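Note that these values count all heavy atoms, side chains included, but never hydrogens, waters or copies made by symmetry. The model shown is predicted, which means the values in this text are computed figures rather than measured ones. Counting convention: from 1, in listed order, for ligands and their atoms alike.
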Amino acid sequence: MSFHWDNSYLRLPEVFFQQHQPEPSVDAAVVLWNEVLMKELGVYPAHSKELLNTLSGNVPRDLRSYAQAYAGHQFGHFTMLGDGRAIHLGEHITPQGQRFDVQLKGAGRTAYSREGDGRATLRSMLREYLISEAMQGLGIATSRSLSVIKTGNEVLRERVHDGAVLARSMKSHLRIGTFEYARYFCKTTDLEALFQYTLKRLYPSINGSSSPVEDLFMEVMRLQIDTVCHWMRVGFIHGVMNTDNTAITGETFDYGPCAFMNAYDPKTVFSSIDRHGRYAFGNQANILHWNLTRWLESLLPLLHNDEEKAILRAKEMLGEFGPLWEKAFGSMMRAKTGLLENSPHADECWKQLLHIMEKHALDYTDTFSFLAYGFDTERFSGIQSSLKEWLTQWRGMPVKYALMKEFNPVMIPRNQWVEELLDAMEKGQEVGFHQGLNALAAPYNPINMEVNRASKPEFDGGYSTYCGT
Ligand code: AMP
Ligand code: MG
């Protein structure tokens, strides 16, 4: 069977979408094709002509595809947005009855494109495919990539690029920005409809609760904290944590300017437009809290008829963020360091290690994987005294190596390596890229420890990432 569409989203009030057909590719050529994921979704045969047509934008005339409306705070400023270069083919129901949005990115302009061209470069779609599949391999909730197809169009950015469409799937693209749109651009009945839809589609167990707004908020807060803690675990910097990029499912999505940190420094930023470090590695928890606050503001009319009471309740709920974050983050960092005790002494231990790592710009992935698999003293020479002291103290504590091996990847998609793979792939040299994807599917397997170790630390100094490429 191919896709099995059931577009529940189109049963929302019409303000939430514009029906829109993707632009057909002029000369479709498959570049990446995720057969494993297609099988998981129950979409086969994976090489049918029908599937290739659909994923390249040459969709059947009766397909009710659409672009979603949403707003959002971008770098703190509120604005109307919407799918400007993404078109939902629809919601696919798997043979197991799970529902996934399937979306084409880069298949032409929509009603929400503003001045954008609705297109995507092959290079940026290859990058999204690689990084989202790496996140999946790392065990982090994420949108997935089904395919990258060259369209035959040229796309103008800083130079002329090959154009491509990426097909991506996730449980849902509902985001904080969808609620902000309903709250500030639509009627309260639309906000209510969106809320009920969210419960029914994503959190049916909350449906019928006597405090559904509180329950939904707390559940999503827990999921988002879990996701962002995972980012911190592997050194992932999302790069553009605007409220339109924070999913109600807790899934990581929007892989524009993201990157992985190598040398440990909480201030690390790679995004070319993030000049003040708003979305720096170490600021991601603060921003999550900020985004959740915007979400609760948009939910206030549903929380209580009396605004003062609603605000009071909202503040109480937000007050729970700090303790929940500290608990989740502390337990993750203790596991990364293999520490079995939950004690101030254990917390002091990993904090000291981070301090040493920051001072000496030690590699985040290498340091933790060497703790788990054995120290490469040559690589860590020159910082021997502070580390030696720390190691002596650490070895005196109850440590579980198996835990560290579970929490610490031996490899991540290092920036220099990613760019080299993309350079080669753009030239049609596919072997290295596929080897890279295979390694990224097993980032905890020590067999992959040497995969991209040749990446030079200096490379990151001049590395910049971009939105909307
Ligand atoms: P993002 O940075 O991907 O979250 O995008 C922010 C907003 O800009 C969203 O509404 C996107 O759909 C829109 N956008 C980004 N790139 C383009 C493009 N090339 N054409 C049209 N809209 C775009
Ligand atoms: Mg976005």
Side-chain angles (χ1 to χ4, degrees), residues 16-18 20 22-23 57 65-88 101 103-125 127-129 131-132 135 142-143 145 151 153-170 172-181 184-185 224 227 237-259 269-275 278-279 287-288 291 294-295 464-469:
F16 286 106
F17 56 85
Q18 293 272 343
H20 191 89
E23 205 174 285
S65 52
Y66 53 94
Q68 293 188 349
Y70 53 85
H73 280 82
Q74 295 190 305
F75 288 89
H77 303 286
F78 185 65
T79 183
M80 177 62 199
L81 295 160
D83 288 330
R85 60 162 175 173
I87 295 166
H88 283 77
D101 278 352
Q103 186 192 70
L104 294 187
K105 199 166 166 182
R109 288 172 54 80
T110 73
Y112 310 108
S113 295
R114 294 168 294 165
E115 67 283 3
D117 60 3
R119 299 199 187 281
T121 65
L122 171 63
R123 191 177 178 97
S124 66
M125 295 304 96
R127 190 171 192 277
E128 168 154 349
Y129 189 110
I131 306 284
S132 60
M135 293 292 270
T142 177
S143 69
S145 298
T151 59
N153 288 315
E154 286 184 340
V155 177
L156 184 65
R157 295 291 181 262
E158 80 296 348
R159 63 174 167 92
V160 175
H161 285 259
D162 283 329
V165 285
L166 170 97
R168 83 174 172 197
S169 73
M170 62 192 280
S172 138
H173 285 80
L174 293 174
R175 57 196 88 210
I176 290 182
T178 320
F179 285 84
E180 292 179 291
Y181 168 73
Y184 302 114
F185 291 107
Q224 277 289 346
T227 297
I237 306 164
H238 184 283
V240 63
M241 284 178 79
N242 294 330
T243 54
D244 59 298
N245 295 333
T246 303
I248 302 302
T249 56
E251 291 162 294
T252 310
F253 82 122
D254 207 317
Y255 285 98
C258 65
V269 167
F270 292 109
S271 166
S272 57
I273 56 170
D274 190 3
R275 293 197 188 87
R278 181 180 172 89
Y279 301 138
I287 290 296
L288 175 59
N291 289 353
R294 303 288 84 75
W295 188 34
S464 276
T465 55
Y466 300 89
C467 297
T469 43

Output the list of atoms in ligand 1 that are nearer than 4.0 Å to some heavy atom of [X], sorted by atom number.
X      : answer
Arg157 : 19 (N)
Arg114 : 7 (C), 8 (O), 10 (O), 13 (C)
Gly116 : 20 (N), 21 (C)
Asp254 : 1 (P), 3 (O), 4 (O)
Asp83  : 12 (O)
Asp244 : 4 (O)
Asn245 : 4 (O)
Gly118 : 18 (C), 19 (N), 20 (N), 21 (C)

Nearest 0.5 Å, please: how far is OG1 in Thr79 from CD in Glu180?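 It comes to 10.5 Å.
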
How long is the gap from NE2 on His73 to CG on Asn291, to the nearest 0.5 Å?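 Reported value, rounded in 0.5 Å steps: 9.5 Å.
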
N/O/S atom of Asn242 under 2.8 Å from the Mg ion (ligand 2), yes or no?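 Here the distance criterion (N, O or S atom, under 2.8 Å) is not met by Asn242, so no.
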
Can you pull out the closest protein heavy atom to [atom]? Residue, atom name and distance to 0.1 Å, please.
atom                    : value
atom 12 (O) of ligand 1 : Gly84 N, 2.7 Å
atom 6 (C) of ligand 1  : Gln74 NE2, 3.6 Å
atom 19 (N) of ligand 1 : Asp117 OD1, 3.0 Å
atom 16 (N) of ligand 1 : Arg85 NE, 3.4 Å

When the ring planes of Phe78 and Phe185 are compared, do they come out parallel, tilted or perpendicular, using 30° and 60° as the limits?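 Taking Phe185 first and then Phe78, their aromatic rings lie parallel (interplane angle under 30°).
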
Is the His88 ring parallel, tilted or perpendicular to the Tyr66 ring (thresholds 30°, 60°)?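 Ring orientation, 0 to 90° scale: parallel.
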
Using modelled atom types and a 3.5 Å cut-off, is there a donor and acceptor pairing between side-chain atoms of [X] and backbone atoms of [Y]?
X      : Y      : answer
Thr465 : Pro257 : yes
Arg278 : Met241 : no
His161 : Ala120 : no

Give the name of the N/O/S atom in Asp254 that lies closest to the Mg ion (ligand 2).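 Closest to the Mg ion (ligand 2) among those atoms: OD2.
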
Please determine if Asp244 and Arg294 form a salt bridge, counting it only when a charged side-chain N lies under 4.0 Å from a carboxylate O.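 Salt bridge flag = no for Arg294 with Asp244.
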
Mind checking whether Gly82 has an N or O less than 3.5 Å away from an N or O of ligand 1?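 Yes: some nitrogen or oxygen of Gly82 is under 3.5 Å from one in ligand 1.
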
Cation-aromatic face contact Arg168/Phe253, 6.0 Å, 45 degrees: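 No cation-pi geometry.
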
State, to 0.1 Å, how close Ser65 and His20 come at their nearest heavy-atom pair, and which atoms those are.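 Reported closest heavy-atom pair: OG-O, 2.5 Å.
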
At a non-hydrogen distance cut-off of under 4.0 Å, which region of Phe253 contacts ligand 1 (side chain, backbone, both, or neither)?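 The answer is neither; Phe253 stays 4.0 Å or more away.
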
